[in-house]
Amino acid sequence: MKPIRATLCLLLLSALSYAQVQPEFEFQLGTTVTKIKWMQQTNTGSLVAATDLSLAGIDPKTKQITWEIKELGSASEDKFENIIGTPYFMIETAKSLGLGKPQTSIIEAETGKIIFNSNDADMKISGKRPLYHLGALLIEGTRNKRSFIALLDFNTGKERWSKDVGAAKTGLSALLNTRSIFTVPPMVDKNKNLVIVDKNNVICLNGNDGSDVWRKEFKEKVEDAMLTYDRSKLFVTYENRVDLLGTDNGTSAYGEKLLKLNGKCNGLAPYDKKSYIIKHSEGVNIIDAETGELRWKKESSLDNINDIRLTGYGILAINNEEKATKFYLINNEGKKVWKFELSSPAVIIEPTEKGILYFTESRANLVEYEKGKELWKRDIKIRKRPAFGFDDERNRLLVYSDDKLNAFSLADGNMTVLTEALPLKDYDEDKELATIEVRKSGYFINSLQNTSLVDFDGKVIFNHNYKEAGLSKGVRALMKGAAVAATIYSGAKTLQSVRMRPATDKDGNLVNEIYVDENTSTYRSAQVGGDVANGLFAMANKRWTATKATKDALFILTKFESGVNGLVKIDKDSGKDLVNIPFGDKDPAYIVDEAENKLYVVIKDKFIQGYDLNANK
């Protein structure tokens, strides 16, 4: 072990109490020629590291390299993805030095066994989807200008079946459709069969062997489809028509007399245990999930509705576009009560007991239910890019902007300035975005180099700054781009229609599940922003900015008083520095394993170090 520097020893005498730890193991994986490019952790806890020549698996418990795959040396970190709920991860790589035909591999984390490779299967992967009802992973792709799907069994890791599902898309649609070969994501019905919507066809496949259960062809291209709550029926929409198919045999509930809407359908959203809201270009209606009948024969003529909110006063129908937003209150008889217009797109629209709270990028206000008028005489001006948080227990929307923390009550719509002044040193909204987390004693706010805690009444408990380790200008430019993307991403969850809906578990018991309406234009635009944020912002957080949040602690890369760079582990509730880890690298790639309370760091692109963070206990 290296001796603790004298200057660091003096820090131990300061008011902030922490422990300095040294690595419990270190080994060399890279060389001067073959550097470690990145490191990730799998669902099983093992580590995966990529060098210029190979992809390696590391067991942190034995501190040994357990497997190595040389042909995957050009694997890209942004193409690494753990498959949730499985011991597998997916990685994409090219044949040599980043050139050649990309290939996608699915690998068992502990053994390094490649259970699927797109080149071996002669398939270009378009998307993958875990199907937990089937205990399998659905792979979608193309082969010889044909669309193929394959089902990989979670238990065995073997292909259960594969199937040709028709001619592959070509031209611009093929370039734009990089996530799935289907317009509508595949679904699993109550019989554990796979329901696929492909152009004009709806196909039901046996989940065990992939054989056809039934097929139904429509005259028009099917734009959207959704299973009913019990997964026994399937709503299908195209143009202004709606059909309801039984999943047992594909029989239509309407026959030749299809349900026709006044406008083109924009998707469905849950309403209650027995019905859905249909959003379309002329308004909204409610459809019965059992009979398929519409509740209102005559609808109010509205602009193109692509999002909804449910309130105690009726349905809030929203038309959120790129440059403007309109929303309407529809009463229980389907009639328009009022219309409200914004000259800019909404970032947040949330019903409260007192009114509709909305945010744009520059202002906020509250719209009352009776006449659709703004309750606040003056808008809340937003001068700098805001950071948002939610306090579910107190029903508050939290907004940090312009060195202030404000709370908006979703019960009565009132705004409270919790802190008039909460400056975060060197915090720049153009380069980063602060996060707000609800803790047991208040709101924990942090940026790249700051931590603070404000209690629920607005008293500042602590506000600490950590000296920057010295990041390059190029990295700062990347961070700025990431911050822009993160702004879009931060509003994504409130742009969606996210609701609880009744469903049944595998044993038939009634449970609530989260439903996300993926058919809204606002959701889709947010997903585009989210894709960018997931790439750039993840890079900014995990490597370049070297901040990593866990449940109760935060890790920040900083420069200590001695001049040495390292990580400091900070307790979110007390603000105290718990662990001090000097290693001198400005741009460390590192992973915090909260389950094991371990830290794994790549140093100088050659060495992997492991730290036991229990040393401070």
Looking at [X] and [Y], would you say the former's side chain and the latter's main chain have a donor-acceptor pair under 3.5 Å?
X      : Y      : answer
Asp212 : Leu205 : no
Glu368 : Lys373 : yes
Thr247 : Ser232 : yes
Ser300 : Lys336 : yes

In terms of side-chain geometry, is the basic nitrogen of [X] or [Y] positioned less than 4.0 Å from the acidic oxygen of its partner?
X      : Y      : answer
Lys158 : Asp153 : no
Lys221 : Asp198 : no
Glu81  : Lys128 : yes
Asp189 : Arg231 : no
Glu321 : Lys323 : no
Arg363 : Glu374 : yes

Look up atom [atom1] in [X] and atom [atom2] in [Y], then write down how far apart they are to the nearest 0.5 Å.
X      : Y      : atom1 : atom2 : answer
Ile356 : Arg309 : CD1   : CZ    : 9.5 Å
Ile380 : Phe359 : CD1   : CZ    : 8.0 Å
Asp209 : Lys163 : CG    : NZ    : 8.5 Å
Leu151 : Leu131 : CG    : CG    : 6.5 Å
Glu350 : Phe408 : CD    : CZ    : 13.0 Å
Phe148 : Thr142 : CZ    : OG1   : 10.0 Å

Establish, from distance only, whether the side-chain atoms of [X] and [Y] form a donor-acceptor pair under 3.5 Å.
X      : Y      : value
Asn320 : Asp307 : no
Asn262 : Asn240 : no
Asn117 : Gln103 : yes
Tyr400 : Asn406 : no
Ser281 : Asn304 : no

Assess whether side chain to side chain contact (heavy atoms under 4.5 Å, CB included) is satisfied between Leu234 and Leu244, documenting all intermediate values.
-> CA-CA 6 Å; Leu234 179 76; Leu244 182 63; 6.0 Å; no
Test Glu217 against Asn200 for side-chain hydrogen bond (donor to acceptor under 3.5 Å, both in side chains), laying out the working first.
-> CA-CA 6 Å; Glu217 185 176 359; Asn200 297 44; 5.5 Å; no
Show your reasoning for whether side chain to side chain contact (heavy atoms under 4.5 Å, CB included) applies to Leu310 and Tyr271.
-> CA-CA 8 Å; Leu310 297 184; Tyr271 183 66; 3.8 Å; yes
Quick check, are the ring centers of Phe327 and Phe340 under 6.0 angstrom apart?
->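 Distance test on ring centres: under 6.0 Å, yes.
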Nearest heavy-atom neighbours spanning [X] and [Y]:
X      : Y      : answer
Leu268 : Ile278 : CD2-CG1, 3.9 Å
Ile125 : Phe116 : CD1-CE2, 3.5 Å
Thr251 : Asn249 : OG1-OD1, 2.8 Å
Ile305 : Ala317 : CD1-CB, 3.8 Å
Asn193 : Cys204 : CB-SG, 3.6 Å

In this structure, are over 12 heavy atoms from other groups packed under 6.0 Å from Tyr313 atom OH?
->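 Not more than 12 within 6.0 Å, no.
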So does Lys264 have more than 12 non-hydrogen atoms from other groups sitting under 6.0 Å from NZ?
->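 Open.
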Steps toward side chain to side chain contact (heavy atoms under 4.5 Å, CB included) verdict (Leu134, Arg160) | CA-CA 11 Å; Leu134 296 182; Arg160 192 181 293 179; 4.3 Å; yes
Are Leu137 and Phe154 close enough, and set up right, to give a side chain to side chain contact (heavy atoms under 4.5 Å, CB included), and what steps lead you there?
-> CA-CA 7 Å; Leu137 179 73; Phe154 281 155; 3.7 Å; yes
Candidate pair Lys233 and Asp243, rule salt bridge (Lys or Arg N to Asp or Glu O under 4.0 Å), full reasoning | CA-CA 10 Å; Lys233 295 183 178 66; Asp243 204 347; over 6 Å; no
Taking the six-membered ring of Phe218, is the NZ or CZ of Lys216 close enough (under 6.0 Å from the centre) and on axis enough (within 45°)?
->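 The answer is yes; both the distance and angle limits are met.
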